[in-house]
2 protein chains.
Amino acid sequence: MNLKIATEIGKCLSNQIRFQILEWLKEPEKHFPPHETLKHFNDGVCVTYIKEKTELSQSTISTYLTNMEKCGLLISTRHGKWSYLKRNEETIKQFTDFLT
Amino acid sequence: MNLKIATEIGKCLSNQIRFQILEWLKEPEKHFPPHETLKHFNDGVCVTYIKEKTELSQSTISTYLTNMEKCGLLISTRHGKWSYLKRNEETIKQFTDFLT
DNA sequence: CAAACATATCTATAATTCTCGATATATAAA
DNA sequence: TTTATATATCGAGAATTATAGATATGTTTG
């Protein structure tokens, strides 16, 4: 972790919805339905469900999640036409270690 | 800690200089001279020294530090005409706990 | 009290970020 | 291969944040 990346993470955390997504993803089964095809949360939650829950436009949510992945907060996995997202606990730990 | 405050903290951490100040304040004696009058760092570092090190204008640094104090990242103490700032480790811990 | 110094606040412009619709790309299903 | 669905990227106007000069406030010192 370095100052530049930490600041990029800070930018992601400067918006209530983005922060909220990160909180929801702590316990996906509590906040999202299991995907119709994939009946588990091994790779996190389908983008579509996050989009629906936040009520943001598709392009906005896509930008949010892409940026959160770029700075290492999230891990993205494709299954067919769907993208799944989960927290990257390793980066989150590096970030909190850097801060404290 | 709640989402609103956490996001305010995120805003403070979204700027490299503000984040850097927080890093410097981990070890004041390594990054700042001891104050001429107060020969210790018990209450942190004098605003003037932070201003000089960052090379920002007085009004900008004042705004930065005020906001960082408002969201609980810093603790401000006045000694006469000087203000001293130190990290608020309690809030920082609450923030990292909230995130993880 | 007046002058000097440190910090805070106000105001305005510059810079950045937000947000979405439009459009492109990727994959699946028909 | 055509159509439908999911996600990504582009471009632009709206909203927010950055930044500093001017000015105000608070405190010390002479």
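Quantities reported herein were computed from a predicted structural model and do not represent experimental measurements. Lettering follows sequence order; numbering is per chain, from 1.
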Under 6.0 Å from the six-membered ring centre of B:Phe32 and within 45° of its axis: does the NZ or CZ of B:Lys51 meet both?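 Judged by the rule, B:Lys51 and B:Phe32 form no cation-pi pair.
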Looking at A:Phe98, I'd like to know if the NZ or CZ of B:Lys26 sits under 6.0 Å from its six-membered ring centre while staying within 45 degrees of the ring's axis.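 Pair B:Lys26/A:Phe98 counts as cation-pi.
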If you count the non-hydrogen atoms of other residues, nucleotides and ligands that lie under 6.0 Å from CD in A:Glu90, is the total more than 12? no
Please determine whether the number of non-hydrogen atoms from other residues, nucleotides or ligands lying under 6.0 Å from atom CD of A:Glu29 exceeds 12. yes
Could you state the interatomic distance from CG (A:Leu99) to CE (A:Met1), rounded to the nearest 0.5 Å? 10.5 Å
Atom NZ in B:Lys11, atom NZ in A:Lys11: separation rounded to 0.5 Å? 15.0 Å
When you match A:Trp82 and B:Lys70 each to their closest nucleotide on DNA chain C, which lands nearer the 5' end?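 Nearest nucleotide further toward 5': that of B:Lys70.
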B/S/- along nucleotides 18-27 of chain C (protein heavy atoms under 4.0 Å) is SSBBB----S
How far apart are the closest heavy atoms of B:Tyr84 and B:Asp43, and which atoms are they?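 For B:Tyr84 and B:Asp43, the tightest heavy-atom pair comes out as CB-O, 3.3 Å.
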Over all strands shown, is B:Ser83 touching base, sugar-phosphate only, or nothing at heavy-atom distances under 4.0 angstrom?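 Sugar-phosphate contact only - B:Ser83 comes under 4.0 Å of backbone atoms but never of a base.
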Residues B:Thr66 and B:Thr63: side-chain donor-acceptor under 3.5 angstrom: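 No, B:Thr63 and B:Thr66 have no side-chain donor paired with an acceptor closer than 3.5 Å.
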Which is the 5'-most and which the 3'-most nucleotide of DNA chain D that has an atom under 4.0 Å from a heavy atom of chain B?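 Contacts span D:dT17 to D:dT28, reading 5' to 3'.
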Roughly how bent is the helix from C:dC1-D:dG30 to C:dA30-D:dT1 end to end, in steps of 10 degrees, with each end axis from five pairs?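 End-to-end axis angle: 20°.
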